[in-house]
Every structure is written in structure tokens, then in C-alpha cells.
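Convention: sequence-line order gives letters A, B, ...; per-chain numbering from 1.
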Amino acid sequence: MQASEIYERIKSKFEDAIVEFKADAIVEPYLEVKPDKVKDICEFLRDEPDLAFDYLMCLSGVDYGDGTLGVVYHIYSMKHGHRFVLKVKVSVNDPVVQSVESVWKSADWHEREAYDMFGIIFEGHPDLRRILMPYDWPEGSYPLRKDFQVPEFYNGMKVPY
Amino acid sequence: MRQYFKNIFIAIWTILVGLKLTFKHLFVRAVTIQYPDVKLKLPERARNRLYVNIDDCIGCRQCEMACPVDCITIETVKALPNEDLGVTSTGNKKRLWVTKFDIDISKCCYCGLCVYPCPTECIYMTDVYEFSEYKRHNLIYHFSNFTPEEAEMKKRQVEQFELEQKMKKAKPAEQVPVNNPESGEKKS
Amino acid sequence: MATFEITTRSVRGDLKTDTMILNMGPQHPSTHGVLRLELVVDGEIIVDVIPHIGYLHRCFEKHAEQMTNYQQVIPYVDRMDYVAAMGNELAYVLAVEKLMGLEVPERVQYIRVIMAELQRIASHLLAVGTYGLDLGAFTPFLWCFREREKILDLFEITCGARLLYNYIWVGGLSHDLPSEFGKKLKDFLKTFPKALKEINDLLTFNKIFIDRTANIGVLPPDVAINYGCSGPMLRGSGVKFDLRKNEPYLVYDRFEFDVPVGEGKMGTVGDCWDRYYVRVREMEESLKIIEQAWEQLPPGDVHSAIPKKVRPPQGEVYFRTENPRGEIGFYIISDGHSASPFRVKARAPSFVNLSVLPEISRGYMIADLVAILGSVDIVLGEVDR
Amino acid sequence: MPEIFNMLIASFIPLLFILIYAVVILWVEIKVASHVQDRLGYMYTGGFHGIAQPIADLLKLLTKEHITPANSDKIFFTLAPVLVFASSYAAYAALPFTSTFIAANLNVGIFYIIAITSFVVIGILMAGWSSNNKYSLLGAMRSVAQIVSYEIPTVLSILTVVVAVGTLNLQEICEIQKGGISSWNIFKYPPFMLITFLIYFTASLAEVNRTPFDIPEAESELVAGYHTEYTGMKFAMFYLAEYANMFLVSGIAAILFFGGWSSPFGKFLSSPGWGVFWFVSKGLFFVFLQIMLRWTLPRLRVDQLMYVSWKVLTPISFVNLMMVGLWAILK
């Protein structure tokens, strides 16, 4: 199924959740949706038999550098062999996105990573801890954000050595 | 019951098959070599220790830019108009004194990215792979012909020259003679 | 020595017993690196597994943003899955090329296929060997290494490095194949099946090995898909999904090869033995691909399409390829004006595959956990990036 | 006075044998391992194929620091390796090296050996418990379960031989098999004695914690099992005990099934001096077999180990015992 058809299907069900559908984006079209509806949309995408997006390829956090953070979902259907890109944008001051952990289990660690690196809070995630950074990494410091400053000292060690 | 005895039989059989194989390998020629005594010849493309032929370096900093781990540090000083630095073996004319060309080989990741952009092919990877040191700072290789003091002197010379130039620009005077043969010997 | 049933929890009755927390790793012989597993065990039976990762985190994604151009990211990409560096480079380079809309010469594509498949064999050899090591068989490990050395020699004569190649470049390759490559490759293709048979005899079909791995760590296909597993992990569960077949990239659609899937030959579909055997069979299939690719290899120049400056247009791409460990994907955002990527996200197969570990290891014994972890075949460089 | 002197000499000879044998077998083990794996192993120390490397290793172990973990039970921690080594050393007393030398010619020699080697279990449990390390404890628990359950098939198979030869005295068992290869126990009551031997050999592998039954020290699961925390000479004691045990079970196998010190050619080369040679070389052959098995097989899991013992070896050895007994009565 083509991306535009998939978009039509989503539009017919979640008219109010859609922010933007960019059909002419370079390489792949994507659909931007509202962060508080993403779980419902994902559930719909997974459960609808002719969409059947059962495989979450990748979930990436992004810092766009202009005060917005984003989450990008690349999803794939093992059954039909089609793919789709969903996007969510939130402001850096209130970065709350619905968790899709209950839809695809693979989102579990990916969401933890996005939280760890960007501070995006996934609402409804059962175990939102840091995953790659050490547990004693300072609260509120998210290394992949564009405004991240490398600390001068880490645990008494000078950076860079 | 049949499965039970079959299992026992398969277990014994596969163990015997394995034993036969390992026993056979007792007499197979070893593939390892006795390293410090015997050394393999490395292929010509082997990427190991970096080497810089400083006589050919024109100080273009291409390698420094290409390095993904920033292990190369280059400092250059502009040659005075009266100094002739000669040409490299590839025929490029040298215009800069390379007062500092340090490679911190302990940071080097042996990717070889610095080798390709070099216009005079003066930086390349050799097949030397034994260069462990007791002190970490010994792994910073200084390829430049200048000692720090000489480099400092050179820098001051140029500063002074530029100052003079500025002064001269302010009040133009006769040309400084180019191609002073003595200053070409300054190197080393 | 028949297959045996797993009891999930010991019977307690009136006896007061307690679970014990056992720290496995970060320094442990069978965690394949610096993985720390917090095991909650009831005697020898595992109640829960909590993986703690990040000990090898090297900020790959941050590094990639800090580079001055796209080319410089490649050495960093190498270091993700350091036993299958060619595959990582391939995925990254193909993603950038797709973003730029770059066409590469046929010869480059064929050489890339040969390299990627050789790398797959090398990586699977390591996986098979260390799996034997995890289960106490030391000899197959070194036999596998002996074979792997031959592949590394091939890589060394081609690009000068044995492990971290920086060979596949955007638009081309760093070197063309050397003249002696063909002869050495043919030697390898001739001797490898024999070596593989020896390993099969010694390890794969050994009764003790089968008993240790069959019916252990069963991963049903729907769980595997839901957890995003890929590669031998997914195919071991019987899902016939291989990106080389399903989403052909390079010139994979021109070769004939099978996609081996787990068949439950020794136990249940999706157990450790299936995952292991899928890897062994994949090596044979890779051999087939290499043979065909070498025969069809066209002449040409490998440098002709390398662009002077890699500067993709504004846009983003998610490109995935089949690495030895599964689907490796790169999500690259380019802002259009700078020469370095705006954001690179690596979807590492081991990272995703590892997340299913707690799900499939509950109720087994500590010795089984080692077997399961070995069959997942993680590389910590890739898990932590 | 001379009696004590004699006893000292008699006890010293097995000790000397163990030490020399351990050094040799350490070297053999490493060399076999490396050649099986297509490599050379150590080559430098002592000239020919690193012949002096085991001695260097032992010296290194002797000079290493003794580390006692802070929270360990110090008395047991120190005592455990001694106990493990002492029990396997004590078993050598009843081992007939040749027709004229046996440290203690006991009527119930084989019974004594079975009894005294059981002490190893206590030593291992002490080591695992006192280390205050979870891995050690798990290893010790496995080891105890393993040795206790494998005692049964071992004893049953030994009992089968005893039924066949009608004595518990090891020296007499050897005397009976004196007439060359054809009179060895292994060829009696075919095929039951052969099966008995296989059971004994398998069970003895488990008794000495060798692959495929090395789960107490399974390095990829339990790091090093019960001796994880041991260093220096204490560790060397465990090591020595393991190798001493290896020869012990191999020696018993040689005595029970392969004629012990008797020559395979009947009267030819059967003087007491040659007796030592035959006995040691038969024993070493089985040690070699154990080493080969170690570098061939993966290891079993702890419950499969129990399965092998209780559901395979024990019932079959019971059947064997009965058949041999019946046959002996009917004969």
C-alpha cells in the first residue's frame, strides 16, 4: 500500500490528530501527528488487517534545534511489506509523548534511549529509566540535545582528560 | 524405551565422531606462527603506523581536516618572501614552514582518511606495527624539523616582517630583495 | 539424555526460601563484552533477568553530528558492530547514497556484495565459535577462528585493515580488489565447506550440544516480530524474512540463494539450536552468493562515482540492510547546507535483539541463560554504540 | 623406629609421584589442547616445546600472594584446599603401583578408596561456602550434588568387578588378571564388563569434575566455581588435587579392568619394575583420554547431569550387576 493511501486511512479515523502530511519529502513521505494521539494511531495501524504494521523498525528521538524535540517512528508490515513514517513534535519545555511500548515491545528500549538522550518523557512507559548513560548522570542533562554542554568534570575526572 | 536407547546410542556415537576428529587434528600442522621469531609479511596496503615525509609537506592541513579523531596537529608559519623552501618531490611549490606536525598515534584509529587528500602524498601508513612505549607522551610523534624554540623564533620573525611590511605600506620604500640564498638553509 | 521439561518454579511448600540476586557481568566470561545482567534466581532457576547496558557507550550519535563531513563518520560506524564492520559501513553508505540519489557503478556493487557476504561468514564463524565456548566446547572456537583468519587476510590485502576497514565509501570503495584476491578467494571457497563440515560434526550435531540448546529459549514468531527481532534471531523462529530477499538492495536480486529458517529439527521452532543452525546454514548460502558474484564481477573503476563533496539535500532517510546480526538501519537527517549530518540514529540489531532476553529466559537455569545469550549473539559495541 | 621410617618412605613415594606426574600432565594437557586446536601452545620455556613451562607455572603459583576475601570464613577457607588434596592423596595409599610396592596392602582396598575420596566433597563444599561468593556457592552445590549422585554408578560398577573377581583387595585383583591381555577383566562376561567399564569411566569423569561433567567449575557460567576466590598455593592445591584425582580414577580403571601392573603379554616384561611402567602407562592412557574428551565435548547442564546419573548409568549398572552375578553363579 502506498503512503498516501495509508494516510487516507489514518485521516478518515483520526482527522483531528493530524498535523501535517508531507508527500514530497526527500526519500520518504511522512505524517506528523499530535503527541497525545500517537498511541491510538499506532494501535490502529497495527490492528487494521489491511495495514498490519506489526514491526517497529526504528524509533528515533530528534532535537530540531529550534526548541522542538521530535520522535520519528519507522514502521513496517511483515505481512504486506509496506512501510510508513510517523512523526511527533513536542516543545522542549513540555516534552511529553504517548508511549507506544504497549503496541510494539521493541519500542521499550528505544523509548528509554530517547528519554536518556533527549529527555523526551513517554507517558505510559512502564520503566522509563536511563539506559545508555550511567545512572548517576546528572538529572536534566541530555547529551544528544543540540544545546548540551560537555561538563568540565565528570566524577572528579577532567573532560577532556 | 526405544527413544531412550537411541539417545544413549546417539550420544556415544557423536562423542566418538568428535573424538575421531580431535584425534585427527592432533597431527594437523599448526596454523599459528611463533610471533616474535617469525613475522608475517604484511600486504602492501597494510595500514599501520602513520609516517610523514616532512620534506614533502606543504602544510596544507588537508590531513588535519580529514582526521575524524583529531590526532594530527599542524602549525605553519608563512615563509618570508625572501625565503625559498624549494619544491616537493611531486613538484608542488612549498610556501609554508611547517613548524609543528604532531601525530598523537595513541589517538589514531588507523582509518587512513588522512592519506587520501594529501596533494603531495607525503603522509602515508607504513607496515610498522610494533611501537609500544612505556611513556604515553612518547607516542606523540613530532615530524616537524623545528624544535619548539626554533618554531617560536620563526613565528616572531614573521610577525616582525609583517610589522615591517605594515610600516612599509604606511610609507612605501624600495623592494626587499627576493631569493636570499642564505635563508633557504635555515631549515633543520 | 532425552529432552526434558522445564519446571518454572521450584515447589516450596512450607519451607521458607528466598530468591537470590546474582550479578552476571560486566566482567564475566560469557557476557560477550561488558553486559551486566542482574539475575533474580531461585536456586539455579531464573526468575527474572534485568539487563543493564551502556558500559561501552561511546556517544556514536553525538560524534556523528560533530564530524566535519559524512566520510568521517565511517570509521565510527565501523566500531559499532566491530566483528561485522563491513556490514555497518555498507548500511551507512547506502543510506547516504540514497539520500543523495547517487548511482554507483556495477563493479562497486558487486564488490560490496562480496565483502558483505565474506563479512557475514566471518561474523557467523565468530558467533558459532563463541557459542561453543559458552557451552564449554573450546576446540570449535579456535577452528572457527582459524577459518575467520583467512577472511580477515582477504580483507587485509584488499584494504589494509583486518577488523575496522573504512573500505566502503560514499559513491565507491577505497581500493579496487588487488590482483591476488581472486586466487585467495577461490582457495577459501574451496577449503571452507570442509572446515564447516568438521565444525558441524564436532559441535552442531553433538548430542550434548543438542541437549543443551534444543527446546531452550524458545522465541515464538509473533513475539519475535513484536520485539522487533531481526536476522538469525527472527529467522530462527521460522519467519522467512531476509532484507536481501524482501527489500533487495545492491544487486542481491541477481543471485540465487536460500533464506534458511528455523525448522525445529531438534526441538521446538525458535529454540537456541534453531538460531544457531540458521547461522551455520547462512554461511553456506553466503558462499553461494560469493561464488556467483565473483563469476559475474564486471570490470570498471571503483572511484569514478565518488563525489568531491558529500553534501546531501535537505531531507531524511531511513535505510536498512541485513547485517549478520540482523537489520541494521541508519536514520540520517541532513539539513541541506552543512557537510555533516544533522542527526544520525543507528538502529542496531543487537540492541533490539537483546531486549527480548528477559522474555525468553525466565524459568530456565543459569546454564541455559548462557546458552540463550550466546544464541542471541550480541556485540556490545553495537548495543551501546 | 625403622617401621616409622618405612612408613614415611611409603607415604613419600606417592607424593613424589603425584608431583612429578602433575608437572608432566599439565604440560601434556596444554600441548594436547593446543595441537587439537591447530596451534602450537607454549614453545619457549625450557627449550623443547616449552617443557619447563609447568614448573614455571608452579613456581609462579607458589610465589603469588594469598588473598583471603574479607568476609570469608577464614578457617574453613584455608582448610578446604588441604582437605581436598589430603583426601585424594590418602587414596593413593591403597593403589598398587607394582606387585611389590603398595603403601598399604588393605583387604578392603577398593572400599577404602571409595570411602576416602568422598572427603573431597566436604572440602569442595567448605571452599564454596567459606568463600562467601555466590558463584562459588553455586559451584559447590552443584559439585556436591554431582559427586554424591555419581558415587552410586561408580560403586555399582566397581561392585560388578568385585562380584566377578571375588575380592576387594586391589593387589589380588591385579594378580588375577596376570595372564596377559586375554585374562583382563574387561573381556570377561562379554559384553557386560565392557559396559561396566564405560559406566565406570563416565561416572569417574563426573567424580573428578572433568568435561563434559565440569559444571561445578563451568567457567562460562560460574566463572571458576568453588575455587573462584582462591589464589596462589591454595589454588594450586585444588589444581593438584584435580590432577591427582584424574590419575586415581584412571589407575583404578586400569586395575579393575585392564590388569593393573600386569603385563599385557603374560610373562613377558612382567618384572616388578616393568609393573610400574605398565600401571603408570595404562593410567596415563586414561588420563589422556580424559584430556581428549575435555577438548572435544561441550558440557552438560546440571539437571542433565543428574539425568545421566540416575536414569541412565544407575539402572544400567544395576542390570549389569545382576547379569554378571547370575552368570558368575551359573558358571
Side-chain angles (χ1 to χ4, degrees), chain A residues 22 24-28 30 46 52-65 70-79 81-85 87 101-110 112-114 116-118 127 129-135 137 142-146 148 150, chain C residues 50-62 65 95 98-101 221-230 234 239-241 246-247 312-320 327 329-336 342-348 351-356 359 383-385:
Chain A
K22 201 158 165 48
D24 58 343
I26 279 191
V27 183
E28 256 183 311
Y30 64 83
R46 183 194 64 180
F53 282 103
D54 48 4
Y55 191 82
L56 176 70
M57 293 192 285
C58 187
L59 188 155
S60 342
V62 183
D63 182 359
Y64 291 100
V71 183
V72 185
Y73 306 81
H74 290 90
I75 49 179
Y76 181 75
S77 167
M78 285 275 178
K79 208 161 139 198
H82 53 226
R83 52 196 278 171
F84 197 62
V85 186
K87 266 190 190 182
E101 193 264 350
S102 55
V103 186
W104 301 291
K105 285 279 184 199
S106 52
D108 184 348
W109 281 23
H110 277 131
R112 273 176 70 187
E113 193 191 330
D116 194 358
M117 294 296 162
F118 294 96
D127 183 26
R129 287 177 292 138
R130 287 204 182 269
I131 184 164
L132 291 175
M133 303 307 285
Y135 295 126
W137 192 255
Y142 302 107
L144 267 184
R145 282 196 185 171
K146 292 282 177 195
F148 173 74
V150 180
Chain C
I50 305 153
H52 295 269
I53 61 173
Y55 289 88
L56 205 57
H57 180 54
R58 289 148 300 159
C59 334
F60 160 71
E61 286 164 19
K62 192 78 179 170
E65 290 171 18
K98 187 164 186 194
L99 192 57
M100 293 171 74
D222 53 327
V223 176
I225 291 173
N226 201 297
Y227 268 91
C229 297
S230 51
L234 182 65
V239 182
K240 207 176 175 98
F241 181 77
N246 293 49
E247 269 181 21
Q314 185 175 9
E316 53 190 66
V317 64
Y318 176 77
F319 195 84
R320 52 182 190 161
E327 169 190 331
F330 281 96
Y331 175 55
I332 300 174
I333 304 180
S334 157
D335 57 2
F342 182 76
R343 165 100 173 98
V344 174
K345 154 95 186 178
R347 184 253 197 230
F351 178 78
V352 184
N353 287 352
L354 183 64
S355 68
V356 82
E359 187 74 20
V383 174
D384 296 341
R385 276 156 292 149

Under 4.5 Å from any heavy atom of chain C - which part of [X]:
X      : value
A/V72  : side chain
A/M57  : both
A/D127 : neither
A/K87  : side chain

Going from [atom1] on [X] to [atom2] on [Y], what distance comes out if it is rounded to the nearest 0.5 angstrom?
X      : Y      : atom1 : atom2 : result
A/S106 : C/R347 : OG    : CZ    : 7.0 Å
C/I332 : A/S60  : CD1   : OG    : 11.0 Å
A/H74  : C/Y318 : NE2   : OH    : 7.5 Å
A/M133 : C/H57  : CE    : NE2   : 5.0 Å

Check your understanding: With chain A, which of C/S230, C/C229, C/S355, C/P51 has the greatest number of heavy-atom pairs at distances under 4.5 Å?
Key ->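 Highest number of heavy-atom pairs under 4.5 Å: C/S355.
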Point to revise | C/R320 to A/Y76 six-membered ring, cation-pi geometry met (6.0 Å, 45°) | key: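 Yes.
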Could you tell me whether [X] and [Y] have a side-chain N and a carboxylate O separated by less than 4.0 Å?
X      : Y      : result
C/K345 : A/E113 : yes
C/E65  : A/K146 : yes
C/K98  : A/E28  : no

Less than 4.5 Å apart, side chain to side chain, heavy atoms only: is that true for [X] and [Y]?
X      : Y      : value
A/V62  : C/Y331 : yes
C/Y227 : A/D108 : no
C/K62  : A/R145 : no
C/R343 : A/Y64  : no
A/I131 : C/H52  : no
C/V352 : A/K105 : no
C/N226 : A/Y55  : no

Could you tell me which portion of [X] (side chain, backbone, both or neither) has an atom closer than 4.5 angstrom to a non-hydrogen atom of chain A?
X      : value
C/E327 : side chain
C/L56  : neither
C/Y55  : neither

Exercise for review: Show your working on salt bridge (Lys or Arg N to Asp or Glu O under 4.0 Å) between C/E247 and A/R83 and close with a plain yes or no.
Suggested key: CA-CA 11 Å; C/E247 269 181 21; A/R83 52 196 278 171; 3.6 Å; yes
Practice item. Specify the closest pair of heavy atoms between C/I53 and A/L132, including all atoms of both residues, with the distance to one decimal. Key: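 Nearest heavy atoms, C/I53 then A/L132: CD1-CD2, 4.0 Å.
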